[in-house]
Number of protein chains: 2
Amino acid sequence: MSVTYRKDLSRAVEDYLKAIYELQRGRQQVSTSALAERLGFASASVTGMLKKLHAQSPSLVKYQRHRGVTLTQTGEKIALEIIRHHRLIELYLIEALGYSWDEVHEEADRLEHFISESFEDRIATFLGEPEVDPHGDPIPTKEGYIAVSASTRLSALQVGESGRITKVLDEDPELLRYLTKLGLCPQAVVTVTQRDPFGGPIHIQTDAGATQMLGDRVTDSVYVELVQ
Amino acid sequence: MSVTYRKDLSRAVEDYLKAIYELQRGRQQVSTSALAERLGFASASVTGMLKKLHAQSPSLVKYQRHRGVTLTQTGEKIALEIIRHHRLIELYLIEALGYSWDEVHEEADRLEHFISESFEDRIATFLGEPEVDPHGDPIPTKEGYIAVSASTRLSALQVGESGRITKVLDEDPELLRYLTKLGLCPQAVVTVTQRDPFGGPIHIQTDAGATQMLGDRVTDSVYVELVQ
DNA sequence: TAAATGAATTAGTCGCGCCTAAAACGTGGA
DNA sequence: TCCACGTTTTAGGCGCGACTAATTCATTTA
Ligand SMILES: [Mn+2]
Ligand SMILES: [Mn+2]
Ligand SMILES: [Mn+2]
Ligand SMILES: [Mn+2]
């Protein structure tokens with residue numbers, strides 16, 4: 001019976017681990033400056049924290065000066081726990097309290113650090129142990145398993161190809177409201193009808209029949225899986 | 001049009017203001033040591049914080065060296081806002097997530113500092129703008145009005161007198177579970193059938209017909225209003 | 001009225017997590 | 001191969017909110 005004991009971590013530490021996890025997608029090392037950029041801190045501050053996270057035992061990150069950082073198993077487990085909190089909370093706010101999907105990210109980004117295990121369990125039960133959040137992101141299990149998605153950016157589709165939206169980036173409320181207006185939410189199917197050269201807009205047709213031109217800010221924020 | 005602008009306050013500051021409010025009941029000054037005792041800090045730490053709260057503008061407390069502290073209007077407004085959060089959250093956890101009344105205090109004591117105004121409004125609406133929390137404490141309105149209760153301790157009842165329970169102290173889960181077992185929750189009516197001298201137990205009869213001897217730890221934690 | 005006592009304050013310290021400025025590192029182009 | 005430039009780290013500092021130890025204050029009692 002392995003009791004998973006975990007000391008209380010500060011919000012700061014949890015945010016670093018989550019940010020490293022999110023930047024690590026694909027890449028095998030996360031740079032100090034990328035992390036600083038994402039967290040909105042000076043690089044020097046990040047270096048200091050990375051040394052601390054590395055020095056802990058068990059250490060939460062693997063960090064080599066000038067080489068970047070990766071999560072250890074322990075660190076990844078914690079990151080996934082916070083991400084589970086975040087995504088469960090987002091969905092709960094919509095399902096139970098009538099938030100719209102552009103309002104939930106900010107609230108979840110705070111509350112994710114302060115709910116108890118019991119609260120987590122209860123909202124998960126209320127929601128029926130859901131597997132994806134309102135923006136299409138998979139919700140890690142309590143054991144720290146997370147589904148991998150093979151989807152690509154909408155911007156990668158060629159003319160004539162169709163894709164079913166799997167997820168959209170959730171950090172910009174403005175963008176989410178725009179996507180709502182266009183009906184571009186998970187499960188919707190879009191077909192690329194035209195591509196203009198040199199990073200010009202992509203023309204799409206939605207399953208509702210509407211046509212639309214989308215800039216790359218949008219098409220880079222929407223992920224799809226190919227259909228047909 | 002007076003827009004109530006309020007800078008972000010730390011959890012520490014909010015906890016001080018709430019503690020001062022709660023200790024101020026009746027008393028006109030709160031002592032450094034009483035505050036230190038309640039917050040679990042060294043007195044020296046409390047002195048330091050009081051000086052800071054006093055120095056702010058607008059100042060949140062009136063503090064005179066060696067004379068104790070009271071809340072200013074501004075400070076009281078903030079304390080009531082946090083208390084509103086606390087009591088709404090307690091009730092919400094029970095009504096929406098199936099918590100029992102002995103589990104909610106701890107969770108609410110944390111979350112009260114981190115929910116948004118929007119979250120507050122939504123749970124208040126969900127709950128139907130409730131006026132009391134699960135332990136019988138009044139919930140301040142959004143405008144900072146709080147109902148005053150004229151209730152007395154159960155320990156003050158004389159033999160033959162009956163009281164309807166208005167509220168119970170909510171900080172000790174153990175005690176709350178004991179009260180649950182005895183059916184001593186708000187609205188229940190109890191009659192004192194015997195009092196033993198020298199702080200001995202008080203014998204009561206509940207409206208369910210059961211009789212019980214209660215020590216002063218219990219009878220000091222239960223508040224009643226006289227009936228008949 | 002002066003000494004004793006307990007409460008409160010001051011003085012100094014510490015860990016956390018951020019900052020800026022200066023130094024050091026590592027790498028791609030000449 | 002080496003130098004210039006961008007990245008990263010080091011050095012030093014700051015506000016916050018706790019701590020302990022030493023001191024001062026207010027009040028009570030002799
Ligand atoms: Mn966060
Ligand atoms: Mn999301
Ligand atoms: Mn609190
Ligand atoms: Mn309560």
Side-chain angles (χ1 to χ4, degrees), chain A residues 6-20 23-24 27-57 59-71 75 78-79 82 109-110 112-114, chain B residues 6-20 23-24 27-57 59-71 75 78-79 82 109-110 112-114:
Chain A
R6 240 196 64 207
K7 61 170 91 74
D8 261 349
L9 299 168
S10 68
R11 176 178 182 177
V13 167
E14 292 179 349
D15 275 340
Y16 271 90
L17 296 176
K18 191 161 74 110
I20 295 167
L23 292 173
Q24 215 176 318
R27 267 163 299 281
Q28 65 281 48
Q29 298 278 333
V30 174
S31 72
T32 300
S33 52
L35 207 40
E37 159 91 34
R38 166 157 256 262
L39 292 168
F41 298 148
S43 291
S45 308
V46 172
T47 299
M49 180 61 99
L50 292 181
K51 291 206 288 186
K52 227 165 23 188
L53 296 178
H54 184 78
Q56 302 222 343
S57 53
S59 74
L60 304 180
V61 305
K62 181 150 168 287
Y63 165 67
Q64 294 171 289
R65 287 164 59 254
H66 296 281
R67 296 195 170 290
V69 66
T70 54
L71 294 177
I78 296 166
I82 304 302
D109 236 9
R110 227 179 321 107
E112 64 189 2
H113 309 288
F114 303 110
Chain B
R6 240 196 64 206
K7 62 169 93 72
D8 261 349
L9 299 169
S10 68
R11 175 177 182 179
V13 167
E14 292 179 347
D15 275 339
Y16 271 90
L17 296 177
K18 190 161 72 113
I20 295 167
L23 291 173
Q24 215 175 320
R27 268 162 300 279
Q28 65 280 50
Q29 296 278 334
V30 174
S31 71
T32 300
S33 52
L35 207 40
E37 159 90 35
R38 166 157 254 261
L39 292 168
F41 299 148
S43 290
S45 310
V46 172
T47 298
M49 180 60 100
L50 292 181
K51 291 206 288 187
K52 227 166 20 190
L53 296 179
H54 183 79
Q56 303 223 342
S57 54
S59 75
L60 305 180
V61 305
K62 179 150 170 289
Y63 164 68
Q64 294 171 288
R65 286 163 61 253
H66 296 282
R67 297 196 170 287
V69 67
T70 53
L71 295 177
I78 296 167
I82 303 302
D109 236 9
R110 228 180 319 107
E112 64 190 2
H113 308 288
F114 304 109

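Lettering of chains follows the sequences in order, A, B, ..., and the numbering in each one begins at 1.
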Hey, does the side chain of [X] come within less than 4.0 Å of [N]'s phosphate (OP1/OP2), counting only N and O?
X      : N       : value
S31(A) : dT7(D)  : no
R67(B) : dA8(C)  : no
T32(A) : dT9(D)  : yes
K52(B) : dG15(D) : no
Y63(A) : dT9(D)  : yes
R11(B) : dC16(D) : no

Rounded to whole Å, please give me the gap between [atom1] in [X] and [atom2] in [N].
X      : N       : atom1 : atom2 : result
Q64(B) : dT9(C)  : CD    : C1'   : 15 Å
E37(A) : dG6(D)  : CD    : C1'   : 15 Å
Q29(A) : dT8(D)  : CD    : C1'   : 14 Å
Q56(B) : dG15(D) : CD    : P     : 15 Å
L39(A) : dC19(C) : CG    : P     : 10 Å
M49(B) : dC19(D) : CE    : C1'   : 14 Å
L50(B) : dT9(C)  : CG    : C1'   : 11 Å
R65(A) : dT9(D)  : CZ    : P     : 8 Å

> Which residue, H66(A) or S10(A), contacts DNA chain C at a nucleotide closer to its 5' end, judged by nearest heavy atom?
Replying inline: S10(A)

What's the shortest heavy-atom distance between [X] and [Y], and which atoms?
X       : Y      : answer
D109(B) : K18(B) : OD1-NZ, 2.8 Å
F114(B) : R11(B) : CZ-CD, 4.1 Å
S43(A)  : S33(A) : OG-CA, 4.1 Å
A79(B)  : L17(B) : CB-O, 3.7 Å

> Do the non-hydrogen side-chain atoms of V69(B) and L53(B) ever get within less than 4.5 Å of each other?
Replying inline: no

> Side chains of L60(A) and H54(A): closer than 4.5 Å at any heavy-atom pair?
Replying inline: no

> Which residues in residues 40-48 of chain A have at least one heavy atom lying under 4.0 Å from any atom of DNA chain D?
Replying inline: S43(A), A44(A), T47(A)

>> Checking the side chain of R67(A) only, and the main-chain atoms of Y63(A) only, is there a donor and an acceptor separated by less than 3.5 Å?
In response: no

